[in-house]
Amino acid sequence: MKVLKAKEMAFADENTINLTGIPSLVLMENAGRTTAQITLDKYKDKENFVVVAGSGNNGGDALVVARYLFKAGKKVKTYILSSSRQKLSQDNLKNLEIYENIGGEVLFITEKNLRKLQFALKNADVIIDGIFGTGFKPPVKGYREKVIKIINNSKKPVVSVDIPSGLFSDSGQIEGEFIKADITITFAYPKLCHILYPASEYCGEVFVVDISIDEHYLQEIKRYILTPKNILLPKRKKNSHKYTYGHNLVIGGSVGKSGAVIMASKASTKAGAGLTTALIPQEINQVVESNLIEEMSIPVSSKDGLFSKKALGEIKNIIKKGKFSSITIGMGMSINDSTLSIIEYILKVKKPIVIDADGLNNLALIDNFKNFLKKRKYPTILTPHVGEMSRLTGLETSYINNNLEEVAKEFSKDTESIVVLKSSRVVIAYKDEVFYSIKGNEGMATAGTGDVLAGILGALVNRLEPLEAVKTGVYLHGFSGDLAVKDLGVESLKATDLIDYLPKAYFELEKKKNNLSYSLVKSLKSY
Ligand SMILES: NC(=O)C1=CN([C@@H]2O[C@H](COP(=O)(O)OP(=O)(O)OC[C@H]3O[C@@H](n4cnc5c(N)ncnc54)[C@H](OP(=O)(O)O)[C@@H]3O)[C@@H](O)[C@H]2O)[C@@H](O)CC1
Ligand SMILES: Nc1ncnc2c1ncn2[C@@H]1O[C@H](COP(=O)(O)OP(=O)(O)O)[C@@H](O)[C@H]1O
Ligand SMILES: [K+]
């Protein structure tokens with residue numbers, strides 16, 4: 001499913017109206033009617049609804065909602081935040097007339113009679129927020145700011161039309177006052193504010209409603225949310241053997257950080273690799289061997305707990321002679337001259353590679369590393385978190401967090417690699433496509449969860465086309481976290497739990513894929 005910015009949505013709106021020929025009032029009717037239906041379903045037993053409409057088309061949608069709530073026999077009080085009818089958008093005015101024609105009443109609210117709205121909210125069971133939609137640029141000023149404060153202070157359930165009023169549709173950033181919604185009902189496609197933090201936290205449950213926008217005007221938009229529909233599952237054949245499913249060589253670890261390579265290796269096996277071998281500094285071999293059962297391990301020379309100078313030659317030999325089909329490198333590897341030269345060498349290996357953690361920190365220290373990556377003819381997957389991306393690019397972490405998509409895209413272009421930029425949301429960028437994962441949770445903000453992801457990706461790159469492997473791996477990783485948290489809670493979730501819940505994630509994902517069906521209304525949660 002695509003995720004849009006306001007301009008893109010407006011472009012599809014306009015063309016649907018002018019070229020496809022669906023009148024704007026029909027789109028508004030579809031938007032408002034379905035919003036009312038969802039509201040009536042959610043708040044079956046509630047009687048008193050207060051609708052707060054703005055002067056634009058978002059307000060027009062809200063007036064349609066008011067009409068259907070009124071027709072359903074609810075007590076509806078409707079307020080328009082404007083001084084006069086002349087200031088309303090054309091479709092807003094039309095819906096005001098229709099509402100009045102069926103017996104609905106509205107009150108225009110300005111600074112002067114704000115109290116009337118304030119009083120009405122006291123008796124409200126549910127508030128419909130149709131003040132601003134995608135046409136809004138923060139911050140909100142004047143008495144509308146006060147209205148938003150009053151609505152939030154009322155502590156009543158709020159249903160926001162399209163986006164919580166006061167948020168900016170195109171990013172996760174927040175500025176000034178904005179509505180804190182319990183439910184947001186958006187149209188055609190979600191917008192970035194519905195999925196990016198911190199804004200998304202104020203949207204409540206987000207429903208996406210088909211209002212008949214003609215999607216073919218959006219063919220050039222290649223920004224997606226990962227959903228069961230647009231990701232693939234690896235398949236196993238009856239007539240197969242372990243090498244059919246790839247041999248993932250996992251390189252990393254150092255004294256004090258053996259867990260990283262152990263977790264990546266275990267995740268690789270659990271994600272479906274035919275064989276997984278951990279290549280590690282010999283000083284941690286004993287602990288690795290005693291923790292890995294299904295996986296093999298190859299110790300190489302080490303000094304002071306890290307790969308030593310001699311290790312490079314040994315690694316070259318092992319890779320030349322071994323039957324490895326992918327390399328996952330960096331987890332817990334630490335940084336010294338030897339690890340730096342190992343990474344330099346790995347960049348030349350003619351196999352798919354996943355570079356994570358200290359692999360990336362070493363990479364950042366190599367002159368011209370972007371050119372080395374560009375020269376590679378084999379798939380390269382880079383999995384930096386925001387801090388690692390900062391080391392790789394020199395950009396501030398706050399800038400990266402506010403511009404996840406742009407940074408991931410640019411870095412992917414500069415390196416011709418698949419970039420998995422990890423934050424509280426994960427963004428995948430490659431060529432002209434961007435994929436956001438909306439799976440995962442704050443329980444995953446714990447050491448080692450990234451190592452698990454690296455192992456999963458290293459396994460899957462043997463099973464699917466590289467970009468597909470990354471999409472599937474990122475989804476499964478977040479989904480495991482969500483399934484695990486249901487049983488374990490956010491505080492106690494730990495990285496190895498993600499490995500334990502991978503089977504359930506595979507199983508549930510397959511179920512979701514088998515049950516794909518079109519529906520006029522979908523909750524973002526259901527993806
Ligand atoms: N066919 C369609 O297009 C469909 C569109 N649909 C609906 O339309 C919505 C978009 O409608 P929209 O473009 O009319 O803008 P909207 O979100 O109502 O806000 C604009 C209003 O806000 C005001 N304003 C802006 N900034 C401000 C500020 N800082 N502080 C204060 N005020 C500010 C601005 O005032 P102005 O600057 O124009 O004076 C104007 O009054 C969309 O979200 C969806 O709900 C659906 O019906 C489906 C079909
Ligand atoms: N608040 C959060 N919500 C969702 N996912 C999160 C959150 N915090 C962290 N994650 C996920 O957990 C993983 C952490 O990876 P990383 O920072 O590399 O951890 P480590 O280096 O400890 O293994 C990433 O996939 C990231 O997206
Ligand atoms: K709104």
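Keep in mind it's a predicted model, so treat the numbers as computed, not measured. Just so you know, ligand 1 is whichever comes first in the structure, and atom 1 is the first atom listed for that ligand. Scope of the values below: all heavy atoms of this structure, side chains included, with no hydrogens, waters or symmetry mates. For reference, positions follow the sequence shown, starting with 1.
Ligand 2 has no atom lying under 4.0 Å from any heavy atom of A357. Using 4.0 Å as the threshold, G60 has no heavy atom nearer than that to any atom of ligand 1. For P139, the closest heavy-atom approach to ligand 1 falls below 4.0 Å.
Contact check on K257 versus D358 returns a salt bridge, with a Lys/Arg side-chain nitrogen under 4.0 Å from an Asp/Glu carboxylate oxygen. A salt bridge links D356 and K422; the closest N-O separation between the charged side-chain nitrogens and carboxylate oxygens is under 4.0 Å. A salt bridge is absent between E8 and K2; no separation between the charged side-chain nitrogens and carboxylate oxygens falls under 4.0 Å. Salt-bridge annotation for E406 and K409: absent, with no side-chain N of the basic residue lying under 4.0 Å from a carboxylate O of the acidic one. Using a 4.0 Å cut-off between charged side-chain N and carboxylate O, R67 and E29 make a salt bridge. Taking a cutoff of 4.0 Å between a charged side-chain nitrogen and a carboxylate oxygen, K7 and D170 do not qualify as a salt bridge. A salt bridge is absent between D91 and K94; no separation between the charged side-chain nitrogens and carboxylate oxygens falls under 4.0 Å.
Coordination check, S160 versus the K ion (ligand 3): failed, since every N/O/S atom of the residue sits at 3.4 Å or beyond. Using a cut-off of 3.4 Å, one finds that F132 contributes an N/O/S atom close to the K ion (ligand 3). Among the backbone and side-chain atoms of G54, no N/O/S atom is found under 3.4 Å from the K ion (ligand 3).
Protein heavy atom at the shortest distance from atom 18 (O) of ligand 1 is N58 N, 3.0 Å. Nearest protein heavy-atom neighbour of atom 15 (O) of ligand 1: G135 CA, 3.4 Å. Closest to atom 8 (O) of ligand 1 among all protein heavy atoms lies N57 CB, 3.0 Å. Among protein heavy atoms, atom 26 (C) of ligand 2 sits closest to S423 O, 3.5 Å. Closest protein heavy atom to atom 33 (C) of ligand 1: F132 CE2, 3.7 Å. The protein heavy-atom contact nearest to atom 8 (N) of ligand 2 is A445 CB, 3.4 Å. Regarding atom 40 (C) of ligand 1, its nearest protein heavy-atom neighbour is S55 OG, 4.2 Å. The nearest protein atom to atom 25 (O) of ligand 2, hydrogens excluded, is given as H477 CE1, 3.2 Å; this is a heavy-atom distance. Closest protein heavy atom to atom 23 (O) of ligand 2: G450 N, 2.7 Å. Nearest non-hydrogen protein atom to atom 42 (C) of ligand 1 is D162 OD2, 3.1 Å. Residue, atom and distance of the protein heavy atom nearest to atom 3 (O) of ligand 1 are D13 OD2, 2.9 Å. The nearest protein atom to atom 18 (O) of ligand 2, hydrogens excluded, is given as K422 NZ, 2.7 Å; this is a heavy-atom distance.
Between Y99 and F70, the ring planes lie perpendicular to each other; the angle is over 60°, past the 30° to 60° tilted range.
Taking each of V427, T449, N441 in turn, the one with a heavy atom nearest to atom 13 (C) of ligand 2 proves to be T449. Here atom 17 (O) of ligand 2 lies nearest to H385 when heavy atoms of K439, E442, H385 are compared. In this comparison of G133, A31, A10, A12, the heavy atom closest to atom 16 (P) of ligand 1 sits on G133.
Of all the heavy atoms of I17, the ones lying under 4.0 Å from any atom of ligand 1 belong exclusively to the side chain. Only the side chain of D61 comes within 4.0 Å of ligand 1, judged by heavy-atom distances. The proximity of D91 to ligand 1, defined as any non-hydrogen pair under 4.0 Å, does not occur for either the backbone or the side chain. Both the backbone and the side chain of T134 come within 4.0 Å of ligand 1, counting heavy atoms alone. With a 4.0 Å cut-off on non-hydrogen atoms, K137 touches ligand 1 through its backbone and not its side chain. The residue S89 has no part lying near ligand 1, judged by heavy-atom distances below 4.0 Å. Residue contacts with ligand 2, taken as heavy atom pairs separated by less than 4.0 Å, involve D451 via backbone and side-chain atoms alike.
More than 12 heavy atoms of other residues, nucleotides or ligands lie within 6.0 Å of CD in E97, so this atom counts as buried by the packing criterion. The environment of E433 atom CD is dense: over 12 non-hydrogen atoms of other residues, nucleotides or ligands sit within 6.0 angstrom.
What you find for D210 and I213 is that their closest heavy atoms are OD1-N, 4.4 Å.
Between Y501 and the choices D487, D482, T496, the side-chain hydrogen bond (donor to acceptor under 3.5 Å, both in side chains) rule is met once, by D487.
Between S24 and ligand 1, no pair of N/O atoms sits closer than 3.5 Å.
The ligand atoms of ligand 2 that sit less than 4.0 angstrom from a heavy atom of G448 are 20 (P), 22 (O), 23 (O).
Of all N/O/S atoms in D129, O sits nearest the K ion (ligand 3).
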Next item on the list: Could you walk me through whether V26 and S212 pass the side chain to side chain contact (heavy atoms under 4.5 Å, CB included) test, one step at a time?
Entry: CA-CA 9 Å; V26 172; S212 293; 5.8 Å; no

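Centred on the K ion (ligand 3), the angle running from S165 (OG) to V161 (O) is recorded as 180°, rounding to 10°. Note: angle at the K ion (ligand 3), from O of I163 to OD1 of N58, is 140° (rounded to 10 degrees).
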